[in-house]
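Everything below concerns the one structure shown next.
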Amino acid sequence: MPATPLPEITLEHPQNPEHGDYASSLPLKMGRAARMAPMAIAEMVTELLTQIEGVERVSVAAPGFINFFLTAEWLTRQVDDILSAGEAYGNLDLGQGSKVQLEFVSVNPTGPIHVGHGRGAVLGSVLANVLSVAGYSVEREYYVNDTGNQMDAFYRSLHCRYLQALGRECEMPPDGYQGSYLVELAQEIISENGDAFLAVPPEEAIQEVGKIGLQKTIAAIGADLESLRVSFDVWFSERSLFENNQYERAMALLRDGGYIKEREGAQWFVSTALGEDKDNVLVRSNGIPTYFASDVAYHYNKFLERGLDRVINIWGADHQGHVSRMKAAVSALGIDPERLGIIIAQMVTLSDGKLSKRSGQVITLRHLVEEVGADACRFFLLSRSADSQMDFDLELAKQQSADNPVYYVQYAHARIASIQRLANERNIDCANGDAGLLTTDAELSLIRRMVLLPEVIELVARNLEPHHLPYFAQDLATAFHSFYKQCRVVSDDEALTRARLKLVDAAQIVFAKALGLMGMTAPEHM
RNA sequence: GCGCCCGUAGCUCAGCGGAUAGAGCAUUGGUCUUCGGAACCAAGGGCCGUGGGUUCGAAUCCCUCCGGGCGCGCCA
């Protein structure tokens, strides 16, 4: 065979079990360069392969695949490996302890959060779980936009509602928040502080009332997210960027790099110099920095002050246009833009309309969680790739409780717990069980599913695609239920009972791990 | 007009360079009901939006067009 550069050697899982547990299409890939028939290469490579541990046989299949079949011994040995790894099963060292920050949700604190925000929340929290388990040092952060135009509008709107609630005349600002939320918030403030702010000068009152409202709103958002089991390590204040000179330093860096030009009284980031379509305003002609300027300072802070190795932001589809200029800004700060990952989560629509923050009827996240529960909520919001728009049919989700895939998966875990209870009652100890006694297709198929967990974790961590997790869990549950139907665990055959109990214990570890990574409960009873 | 995302089974979506395109729900028919039936088994159902191209091989990569969503502000 002529010497040729070797293509990347990849293995895949054939979808047809007859093609083995692993397969390689290497011969097909190198057929042309080697000027040989792929089948001949496959034959040759196969003959050269020495005994591989755990591989029962290697076969060649047209038009040039090499198929690998695992031995039952190797598979059953994994049961013991999983048991000894315990909760740590599937953990990886991909990250090697490097510091990665996930910033997600970060909704403006001007009202309750909605279903669409819930998607980013679940995506972020699951990604954080997976990355931690994959060897990264993970930090979850919520960026609080507590300054700027929208905050100003929020303050004025709230103050206005406050006055109205106390019977005073006040016209809502044109860019104000019209929703009923602020009416209720004003009412709450009155019940706690009375009309105390009527006595202070209006501009001062706006600030006082606004600050109270802001704190309450942030707390409410935090509580809503907690109900979905989403939490953060850091709530980072945008305002602090200005108070701690982060903004000044970031702008100085850009200026030194020649990335800031003054034009029409405003200061522009010349992103066109970095291949962008247009420049972007950093400081308006009225001297007030834009949100973009804050964000530049924020990323300056993340990378240069806090020394994060990697930053992942999860944004809604409406922020798509912001992606490339943010990357440009990061590289202008002298940071490799590869270190910044941005996940755009496409919109979530509801059966009765699209989510919108300021217009009329909208389903809050809290309402959704109350209706369908955190587990189902998380599973559903997770089950679609972030790139795809998602249709969340509230009615269906409510009715679906019995046929819901989430229960299907959790039921498998509960069934295992039930088997274990029975084994406990009968004082069966499987510690010295021999997993090698597991030989049926149902048993081995279950093991084949179980051992995929590390691969799934790696896939999710590498591609930042948590949606693979629910699919894995479902497939695992299918394999388990099928096993359960075919194989009686606690039986008269003591040796087999102990072997199957081991399998069941190991399966429980895998279920618990998968459910845990998804932030779902792993119930013992249902 | 420009940018990004999506168009795969009746519905909601996986698969994103490999061997007969998958799952859930829905439909139809079976199992059985001694460890929890919230279960299992099986069937039907698809020119993978269109037309080209690259490749030994394309749902997957490139281009055209069509359809849908989101952006394109000295808003965030």
Side-chain angles (χ1 to χ4, degrees), chain A residues 10 12 14-16 18-19 23-25 28-29 31-32 37-38 61-65 67 106-108 110 145 148-151 153 175 238 263-268 276-278 280-295 316-324 344-347 349 354 357 380 383-393 396 400-412 414-423 425-426 442 467-468 470-471 474-475 477-478 480-491 497 500-501 504 525-526:
Chain A
T10 55
E12 61 194 76
Q15 47 189 342
N16 185 338
E18 288 172 19
H19 295 140
S24 175
S25 56
L28 286 164
K29 292 192 201 316
R32 165 159 297 199
F65 291 99
N67 297 329
S106 300
V107 181
N108 278 339
T110 54
N145 301 116
N149 281 347
Q150 297 210 2
M151 212 58 247
D175 59 345
E238 177 185 4
R263 196 190 313 150
E264 297 157 13
Q267 308 219 18
W268 299 70
E276 290 292 292
D277 290 343
K278 56 190 173 191
N280 298 97
V281 173
L282 287 166
V283 184
R284 303 184 185 91
S285 48
N286 64 8
I288 297 172
T290 61
Y291 164 87
F292 177 54
S294 297
D295 231 4
D318 52 340
H319 284 63
Q320 168 60 237
H322 193 52
V323 173
S324 67
I344 295 296
Q346 294 300 320
M347 303 205 86
T349 54
K354 207 160 301 155
K357 192 137 185 242
F380 271 92
S383 299
R384 256 115 243 198
S385 121
D387 287 338
S388 295
Q389 275 174 242
M390 175 174 190
D391 192 37
F392 201 118
D393 188 330
L396 192 72
Q400 220 173 6
S401 57
D403 292 313
N404 202 313
V406 67
Y407 293 102
Y408 182 75
V409 174
Q410 290 181 318
Y411 180 56
R415 262 187 157 172
I416 290 173
S418 172
I419 295 169
Q420 290 168 332
R421 282 191 293 272
L422 180 72
E425 282 170 24
R426 302 196 183 173
H467 70 274
H468 297 296
Y471 287 93
Q474 231 172 145
D475 289 342
T478 298
F480 176 78
H481 287 307
S482 181
F483 154 78
Y484 179 90
K485 188 73 176 182
Q486 294 173 57
C487 303
R488 168 95 200 173
V489 177
V490 180
S491 69
T497 295
R500 286 184 172 162
L501 266 179
V504 159
H525 300 274
M526 287 177 72

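Numbers restart at 1 for each chain; the letters A, B, ... are given by sequence-line order, proteins then strands.
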When you compare the protein's N or O atoms with those of nucleotides 8-10 of chain B, which come within less than 3.5 Å of each other, and at what distance?
none

Using the P atom as the point on both nucleotides, what is the distance between C11(B) and A26(B), in whole Å? 15 Å

Could you tell me whether R415(A) sits above the aromatic face of F480(A), with NZ or CZ closer than 6.0 angstrom to the six-membered ring centre and within 45 degrees of the axis? no

In whole angstrom, give the distance that lies between atom CZ of F483(A) and atom C1' of C35(B). 10 Å

At under 4.0 Å, does any side-chain N or O of Y484(A) touch on OP1 or OP2 of A38(B)? no

Taking the P atom of each, how far is G3(B) from A21(B), in whole Å? 35 Å

Here the distance between atom C1' of G22(B) and atom CG of D475(A), to the nearest Å, is 10 Å

Atom CD of Q410(A) and atom P of G37(B) are separated, to the nearest Å, by 17 Å

Quick check against the 3.5 Å criterion: does R421(A) have a side-chain atom that pairs as donor or acceptor with the backbone of A423(A)? no

Please examine the side chains of I419(A) and R500(A), heavy atoms only from C-beta on, and report whether any two atoms are closer than 4.5 Å. no

Considering only G36(B), A39(B), G24(B), which nucleotide approaches the side chain of H481(A) most closely? A39(B)

Separation of Y408(A) atom OH from G37(B) atom C1', in whole Å? 12 Å

Could you pull out the protein-nucleic contacts involving nucleotides 26-31 of chain B (nitrogen or oxygen on both sides, under 3.5 Å)?
none

Base-paired stems that RNA chain B participates in, counting runs of 3 or more Watson-Crick or G-U pairs under 3.5 Å: B:1-7 with B:66-72, B:10-13 with B:22-25, B:27-31 with B:39-43, B:51-53 with B:61-63

Encode nucleotides 12-21 of chain B as B, S and - characters from 5' to 3', where the letter depends on protein heavy atoms closer than 4.0 Å: B to the base, S only to sugar-phosphate, - to neither. SSSS--BBB-

Letter by letter from the 5' end, nucleotides 58-63 of chain B scores (B base, S sugar-phosphate only, - none; protein heavy atoms under 4.0 Å) ------

Parallel, tilted or perpendicular for F380(A) and F392(A), by the 30°/60° rule? tilted

Over how many whole Å does the gap from F480(A) atom CZ to A39(B) atom P extend? 13 Å

Rounded to whole Å, OH of Y407(A) lies from C1' of A38(B) at a distance of 10 Å

Among A38(B), C5(B), U34(B), the one nearest Q346(A) by side-chain distance: C5(B)

Pick out the pairs of N or O atoms, protein on one side and nucleotides 73-76 of chain B on the other, that lie under 3.5 Å.
| unit_1 | atom_1 | unit_2 | atom_2 | d |
| --- | --- | --- | --- | --- |
| C74(B) | O3' | R284(A) | NE | 3.2 |
| C74(B) | O2 | S285(A) | N | 2.6 |
| C74(B) | O2 | S285(A) | OG | 2.9 |
| C74(B) | N3 | S285(A) | OG | 3.0 |
| C74(B) | N4 | E264(A) | O | 2.7 |
| C74(B) | N4 | E264(A) | OE1 | 3.4 |
| C75(B) | OP2 | R284(A) | NE | 2.2 |
| C75(B) | OP2 | R284(A) | NH2 | 3.0 |
| C75(B) | O3' | R284(A) | NH2 | 3.1 |
| A76(B) | OP1 | R284(A) | NH2 | 2.6 |
| A76(B) | OP2 | R284(A) | NH2 | 3.4 |
| A76(B) | OP2 | Y291(A) | N | 2.9 |
| A76(B) | O4' | Q150(A) | NE2 | 3.1 |
| A76(B) | O2' | N108(A) | ND2 | 2.8 |
| A76(B) | N6 | R325(A) | NH2 | 2.9 |

Spacing of the P atoms in A59(B) and G67(B) (rounded, Å): 24 Å

Which of these nucleotides, U34(B), A23(B), G36(B), is closest to any side-chain atom of Q474(A)? A23(B)

Evaluate the ring planes of H467(A) and Y471(A), with Trp represented by its six-membered ring, and classify them as parallel (under 30°), tilted (30 to 60°) or perpendicular (over 60°). perpendicular

Pick the C1' atom in G51(B) and in A14(B), then give their distance to the nearest Å. 27 Å

For the C1' atoms, the ones on A19(B) and on G57(B), what distance do you get once it is rounded to whole angstrom? 10 Å

Determine the interatomic distance between P on U12(B) and the same-named atom on G7(B); round to the nearest Å. 12 Å

If I take atom NE2 in residue H525(A) and atom P in nucleotide A38(B), what distance separates them, rounded to the nearest angstrom? 16 Å

Under 30°, 30 to 60°, or over 60°: which ring-plane class applies to H322(A) and H319(A), parallel, tilted or perpendicular? perpendicular

Rounded off to whole Å, could you give me the OH-to-P distance for the Y411(A) and A39(B) pair? 7 Å

